[in-house]
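Presented below is the structure to which this report refers.
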Amino acid sequence: MRFATIDFQGSTRAAIDFGSHYRITPFPDLSEALRKFDGDIMALADITEFDSVDAENVSLLAPTKTPNKIICLGLNFTDHVAEMRRDRAQYPTLFAKYPLTLTDPFASIDKPAISDAMDWEVEVGVVIGRPARYVSTQDALDHVAGYTVVNDVSFRDYQNRTGQFLQGKIFERTTPVGPWLVTRDEVDDAKDLAMTLTVNGEVMQNGRSSQMIFSIAETISYVSQILTLEPGDLISMGTPSGVGAGRTPQRFLTPGDVMESSVEGIGGLSNRIVTAGSSTR
């Protein structure tokens, strides 16, 4: 099944996608709905007494607008490690984002005047269902509600100012997510999905989720030894090769560019880069 967060009569609402229409739920987004049902996404599907809206009239938003945590993996594809001239890590390279970093799947994205190294990264997003603490790799996928698409837009000049990634990854409203949360069974737990990103129609990234160094199950298990993953949390699993910073010469985004990020079976994002202060959402 597919679930979404949509704009409904001027407010945000979690909804269930039935193809021709969406069924509205009383929750403001999917993260909140998952918290209400302790991560049971199918309990949301059982809601029947609320309004429906035709799919053609729906504006899709980031499905997880209020995650308690956003955990991201860097350097999690062998070919991306090579293009960035890094060594393969023994453990997952983790950093965090904040809810204000997220934006909607078709929103325009500001290019801030302070950075000239705005880059793209198509990624598989994992939405946590059941709480996960001290889980094994074997049991980790049982804690997944579903999957979404993330573009980890990065500001390489800020990212490389220090040895820590954080400041290059948390510019406000620069990480589009969506357009749906797709349940595990629809995509075989994202084990081997095509991942592509184009800029102005030119293919920049073309990889597969099977190329991850640390799998989704390994990552959930690893993170759960550190902290509790809660319903509605988002994990972004890293990107394949083809980023702008890895090219010779390097290529970065400028106002007017359009990025299209897609993961097979999950969906696609489309985001135009605009001059800061002129975006529409």
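Keep in mind it's a predicted model, so treat the numbers as computed, not measured. We're numbering straight along the sequence, starting at 1. Side-chain atoms are counted along with the backbone in the values below, which use heavy atoms only and exclude waters and symmetry mates.
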request  = With rounding to the nearest 0.5 Å, note down the distance linking OG in Ser215 to CE in Met237.
outcome  =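 If I round to the nearest 0.5 Å, the distance is 6.5 Å.
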
Does [X] use its side chain to pair, donor to acceptor, with the backbone of [Y] at less than 3.5 Å?
{"X": "Thr25", "Y": "Ala14", "answer": "yes"}
{"X": "Thr148", "Y": "Gly125", "answer": "no"}
{"X": "Asn200", "Y": "Val258", "answer": "yes"}
{"X": "Asn271", "Y": "Pro105", "answer": "yes"}
{"X": "Arg247", "Y": "Gly242", "answer": "yes"}
{"X": "Ser11", "Y": "Phe8", "answer": "yes"}
{"X": "Arg208", "Y": "Asp192", "answer": "yes"}
{"X": "Asn160", "Y": "Arg156", "answer": "yes"}
{"X": "Gln211", "Y": "Pro240", "answer": "no"}
{"X": "Glu121", "Y": "Asn151", "answer": "no"}

key: Under 3.5 Å side-chain donor-acceptor pair for Thr66 and Arg35   =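 There is such a pair between these side chains.
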
message = Distance alone, cut at 3.5 Å: any donor-acceptor contact between the side chains of Ser115 and Asp157?
response =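 Distance-only check passes for Ser115 and Asp157.
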
inquiry  = Between Tyr158 and Phe171, does the ring-ring contact (aromatic ring centres under 6.0 Å, His included) criterion hold? Intermediate values first, please.
reply    = CA-CA 10 Å; Tyr158 274 74; Phe171 278 63; 5.4 Å; yes

Pairing of [X] and [Y] as salt bridge, 4.0 angstrom limit:
{"X": "Lys69", "Y": "Glu230", "answer": "yes"}
{"X": "Asp17", "Y": "Arg23", "answer": "no"}
{"X": "Asp152", "Y": "Lys169", "answer": "yes"}

task = Using the rule that two of Ile, Leu, Val, Met, Phe, Trp, Tyr join whenever any of their side-chain heavy atoms come within less than 4.5 Å, decide whether Tyr91 and Ile216 are in one cluster.
result =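 Yes, it is one cluster - the side chains of Tyr91 and Ile216 are joined through contacts under 4.5 Å.
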
request  = List the atom of Thr254, the atom of Asp257, and the distance in Å for their closest heavy-atom pair.
outcome  =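 The answer is N-OD2, 2.9 Å.
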
query = salt bridge (Lys or Arg N to Asp or Glu O under 4.0 Å) with Lys65: which of Asp104, Asp29, Asp7?
reply =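 When Asp104, Asp29, Asp7 are each tested with Lys65, the salt bridge (Lys or Arg N to Asp or Glu O under 4.0 Å) holds only for Asp104.
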
inquiry  = Using the ring centroid of each side chain, check whether Phe27 and Phe37 are separated by less than 6.0 Å.
reply    =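 Yes; Phe37 has its ring centre under 6.0 Å from that of Phe27.
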
request  = Over 60° means perpendicular and under 30° means parallel, so classify the ring planes of Phe165 and Phe95, tilted if in between.
outcome  =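 Ring orientation, 0 to 90° scale: perpendicular.
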
